[in-house]
Amino acid sequence: MGFLSSLDIGHSGLSAQRLRMDIISQNIANQDSYNTATGEPYCRQLTVISEKKDFAGILNKYTTRDESTHRRGVYYRANQDKYRMAGAEITAVIDDTAPMTPVYDPENPLADENGYIYHSNVDNTKEQTDLMAAQRAYEANASAIEVVKAMMSKAQELKGN
């Protein structure tokens, strides 16, 4: 069945959003860390989500006007890998470029020559908002997978198996 590849798309979306939520949780957990192993404050991490394949390139590769390939079944068999491995993936986890928050505390042994220590650039409000967006995207992918499963069940019922 051609629509079974849509399970791969939904699964990749689930995986990408789960990793995104893990990174957001790590940011929230470390938002008060101002002295990491490197001696620097914790820097907020961001995820870069990209499509696995260039969709336009896939369409151009498999789009043809040859009438012989449009016969029933021939076109599908020739193009069944069209959407294989399609979907989303985390291509990078990058540091946020926002500046660290300076706090005046001259008594702190980690203070610089001006008496400032620097806190993480993690903003809890942004993180909570991003977490809700990632959760909604995760739920949307889970719903899409459920729809495909329902379609498979209905197709089997109609086929008589």
Side-chain angles (χ1 to χ4, degrees), residues 1-64 69-70 73 75-103 117-159 161:
M1 288 183 212
F3 62 86
L4 290 179
S5 62
S6 59
L7 287 173
D8 294 335
I9 296 170
H11 179 265
S12 69
L14 288 175
S15 297
Q17 294 304 327
R18 181 192 47 79
L19 181 58
R20 182 178 172 206
M21 287 188 280
D22 288 345
I23 296 296
I24 293 169
S25 298
Q26 175 181 318
N27 288 340
I28 293 170
N30 291 304
Q31 69 183 350
D32 293 328
S33 300
Y34 58 89
N35 187 19
T36 61
T38 62
E40 299 291 322
Y42 178 79
C43 184
R44 179 181 185 220
Q45 304 289 302
L46 301 170
T47 56
V48 178
I49 301 177
S50 302
E51 63 180 323
K52 284 187 179 178
K53 287 188 176 180
D54 175 30
F55 188 69
I58 293 170
L59 285 179
N60 291 336
K61 179 180 176 184
Y62 290 105
T63 301
T64 178
T69 61
H70 282 78
Y75 184 77
Y76 171 74
R77 284 193 301 274
N79 299 297
Q80 61 187 342
D81 67 335
K82 189 176 197 178
Y83 302 110
R84 186 170 294 149
M85 298 301 293
E89 65 181 344
I90 301 284
T91 54
V93 177
I94 60 173
D95 290 339
D96 190 3
T97 58
M100 302 297 173
T101 307
V103 176
I117 60 169
Y118 293 89
H119 283 263
S120 174
N121 60 353
V122 176
D123 181 8
N124 195 31
T125 305
K126 284 182 186 177
E127 296 302 318
Q128 293 294 331
T129 304
D130 287 348
L131 187 60
M132 285 192 301
Q135 181 182 2
R136 297 296 182 258
Y138 187 92
E139 290 170 357
N141 282 297
S143 295
I145 288 174
E146 289 300 319
V147 168
V148 172
K149 286 169 54 177
M151 287 171 56
M152 289 187 323
S153 296
K154 191 65 173 176
Q156 285 180 338
E157 179 184 318
L158 293 173
K159 186 178 178 183
N161 285 340

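Position 1 is the first residue of the sequence; numbering continues from there.
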Taken in chain and number order and not counting sequence neighbours, the residues that satisfy ring-ring contact (aromatic ring centres under 6.0 Å, His included) with Y34 are H119
Heavy-atom side-chain contact between V48 and I94 under 4.5 Å
yes
Might you work through the side chain to side chain contact (heavy atoms under 4.5 Å, CB included) test for I145 and K149, ending with a clear yes or no?
CA-CA 6 Å; I145 288 174; K149 286 169 54 177; 3.9 Å; yes
side-chain hydrogen bond (donor to acceptor under 3.5 Å, both in side chains) partner of Y42, the single match among D32, N121, T36, N27:
N27
Side chain to side chain, Q26 and D22, heavy atoms closer than 4.5 Å
no
About how many Å separate CD1 of I23 and CZ of R44, when rounded to the nearest 0.5 Å?
11.5 Å
Taking all atoms of both residues into account, what is the closest heavy-atom pair of A88 and S12, and its distance?
N-OG, 3.0 Å
In short, D95 meets C43 closest at the heavy-atom pair CB-SG, 3.6 Å
Do you know the tightest heavy-atom contact between P41 and S120?
CB-N, 4.0 Å
Report the distance from atom CD of Q135 to atom CG of D130, rounding to the nearest 0.5 Å.
13.0 Å
Within this structure, what is the OH-CG distance for the pair Y138 and L14, rounded to the nearest 0.5 Å?
5.0 Å
Between Q45 and V93 the two heavy atoms that sit nearest each other are OE1-CG1, 3.5 Å
So, are K126 and D96 salt-bridged, with charged N and O less than 4.0 Å apart?
no
With rounding to the nearest 0.5 angstrom, report the CD to CD1 distance, Q17 to I24.
8.0 Å
So do E40 and M100 actually touch side chain to side chain, heavy atoms under 4.5 Å?
no
For residues I49 and I90, report the shortest heavy-atom separation together with the two atoms involved.
CG1-CD1, 3.4 Å
State the CD1-OG1 distance between I117 and T101, to the nearest 0.5 angstrom.
10.5 Å
Can you tell me how far apart CD (E146) and CG (N141) are? Round to the nearest 0.5 Å.
12.0 Å
Taking all atoms of both residues into account, what is the closest heavy-atom pair of A134 and M21, and its distance?
CB-CG, 3.6 Å
